[in-house]
Amino acid sequence: PRSGTVAPGESVDVKVTFDGSELANGVYETDILVNSNDPLNPVVDVATRFEVSGQTASIALTDEFILFNNVFVGNEKEETVTIINTGLATLTVSDISSDQGDFTVTPESAVIGAGDSLTVTVTFAPSTTGSINGLITVTSDAAEDGTLTIVVNGVGVDPPIAVFDP
């Protein structure tokens, strides 16, 4: 009950229900304040401890395709993609890798807390001219979609050659 009367020398059991369905895995501690007309103890703090477990991690990406326009051979260009843990448990990303050597990623693995995100840098350093395609694979312990793919494309171009005529 939200309120009531307790006779002197008596006690009343109060049922408290916690709903952890929207909380991340972890331990939650708080006090429940009991107000009364007792002149010696008008407010009594009752410590509570609530442990949430069984929640799962979920993964989302801000981009599924990254395009690197013309990049001179021998140079590099960086773009970023964000991995978001939309779940309520810690997300372990065990591998972030490219199938094509002209595209590299940092970091190559990570642990992302519930509701947090991680920015991944994808670097394109063309070794040759022309269109270069690749796949960035993100492998995680997400309950669904544990492996996601980002399509990457870059175009390597020859750097300009300056000719001086004395």
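Position 1 is the first residue of the sequence; numbering continues from there. We use all heavy atoms of the structure for the numbers below, so side chains are in, but hydrogens, waters and symmetry mates are not.
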Quiz item: With hydrophobic residues grouped by side-chain heavy-atom distances under 4.5 Å, do V155 and V73 end up in a single group?
Solution: no

Quiz item: When rounded to the nearest 0.5 angstrom, what is the spacing between OG1 in T123 and CG in D102?
Solution: 11.5 Å

Quiz item: Same cluster or not: are I59 and I84 linked, directly or through other Ile, Leu, Val, Met, Phe, Trp or Tyr residues, by side-chain heavy atoms under 4.5 angstrom apart?
Solution: no

Quiz item: Any donor-acceptor pair under 3.5 Å linking the side chain of Q55 with the backbone of G87?
Solution: no

Self-check item: Shortest non-hydrogen contact from A114 toward A24
Solution: CB-CB, 3.7 Å

Quiz item: Rounded to the nearest 0.5 Å, how far apart are NZ of K77 and CD of E79?
Solution: 5.0 Å

Self-check item: Inter-residue atom distance S21.OG - L88.CG, 0.5 Å rounding
Solution: 9.0 Å

Practice problem: With the side chain counted from C-beta on, respond yes when N25 and T90 share a heavy-atom pair under 4.5 Å apart, and no when they do not. | Solution: no

Practice problem: Supply the atom-to-atom distance T104 OG1 to I136 CD1, rounded to the nearest 0.5 angstrom. | Solution: 8.0 Å

Self-check item: Heavy-atom pair of closest approach, residues S140 and D145
Solution: OG-O, 4.5 Å

Quiz item: Going by side-chain heavy atoms closer than 4.5 Å, which hydrophobic residues are tied to L33, directly or by a chain of links?
Solution: V43

Quiz item: Do L61 and I150 come within less than 4.5 Å of each other through their side chains, counting heavy atoms only?
Solution: yes

Quiz item: Any idea which heavy atoms bring P107 and L118 closest together, and the distance?
Solution: CG-CD2, 3.9 Å

Quiz item: Does I66 reach the side chain of F124, with side-chain heavy atoms less than 4.5 Å apart?
Solution: no

Quiz item: Under 6.0 Å from the CD atom of E22, do we count more than 12 heavy atoms belonging to anything else shown?
Solution: no

Quiz prompt | Donor-acceptor contact present, side-chain S36 to main-chain N41, <3.5 Å | solution = yes

Quiz item: More than 12 foreign heavy atoms under 6.0 Å from CD of E108: is that the case here?
Solution: no

Exercise. On the 0 to 90° scale, with breaks at 30° and 60°, tag the F68-F103 ring pair as parallel, tilted or perpendicular.
Key: tilted

Quiz item: With a 4.5 Å heavy-atom cut-off, do V14 and V34 have their side chains touching?
Solution: no

Quiz item: Do V52 and I32 belong together in a cluster built from hydrophobic side chains that touch within less than 4.5 Å?
Solution: yes

Quiz item: Is a donor on one side and an acceptor on the other found under 3.5 Å between the side chain of D141 and the backbone of T92?
Solution: yes

Exercise. Decide yes or no for V93 and S109: does some side-chain heavy atom of the first lie under 4.5 Å from some side-chain heavy atom of the second?
Key: no

Practice problem: List for me each residue that meets side chain to side chain donor-acceptor pair (under 3.5 Å) alongside T119, sequence neighbours excluded, and say none if there are none. | Solution: none

Quiz item: Looking just at side-chain N and O atoms, do S97 and D95 make a donor-acceptor pair shorter than 3.5 Å?
Solution: yes

Practice problem: Find out whether V157 and F72 are in side-chain contact, i.e. whether some heavy atom of one side chain is under 4.5 Å from a heavy atom of the other. | Solution: yes

Quiz item: Are L23 and F18 grouped together when hydrophobic residues (ILVMFWY) are joined by side-chain heavy atoms under 4.5 angstrom apart?
Solution: yes

Quiz item: Does any N or O in the side chain of T48 come within less than 3.5 Å of the main-chain N or O of T30, such that one atom is a donor and the other an acceptor?
Solution: yes

Quiz item: Atom CG in D116, atom OG1 in T86: separation rounded to 0.5 Å?
Solution: 12.0 Å

Quiz prompt | Distance in Å, T82 OG1 paired with D63 CG, rounded so as to fall on 0.5 Å steps | solution = 7.5 Å

Practice problem: Please tell me if the side chains of V120 and I83 come closer than 4.5 Å, counting only heavy atoms from C-beta onward. | Solution: yes

Quiz prompt | Pairwise side-chain contact, N133 with V151, heavy-atom cut-off 4.5 Å (strictly under) | solution = no

Quiz item: Does N85 use its side chain to pair, donor to acceptor, with the backbone of I112 at less than 3.5 Å?
Solution: yes

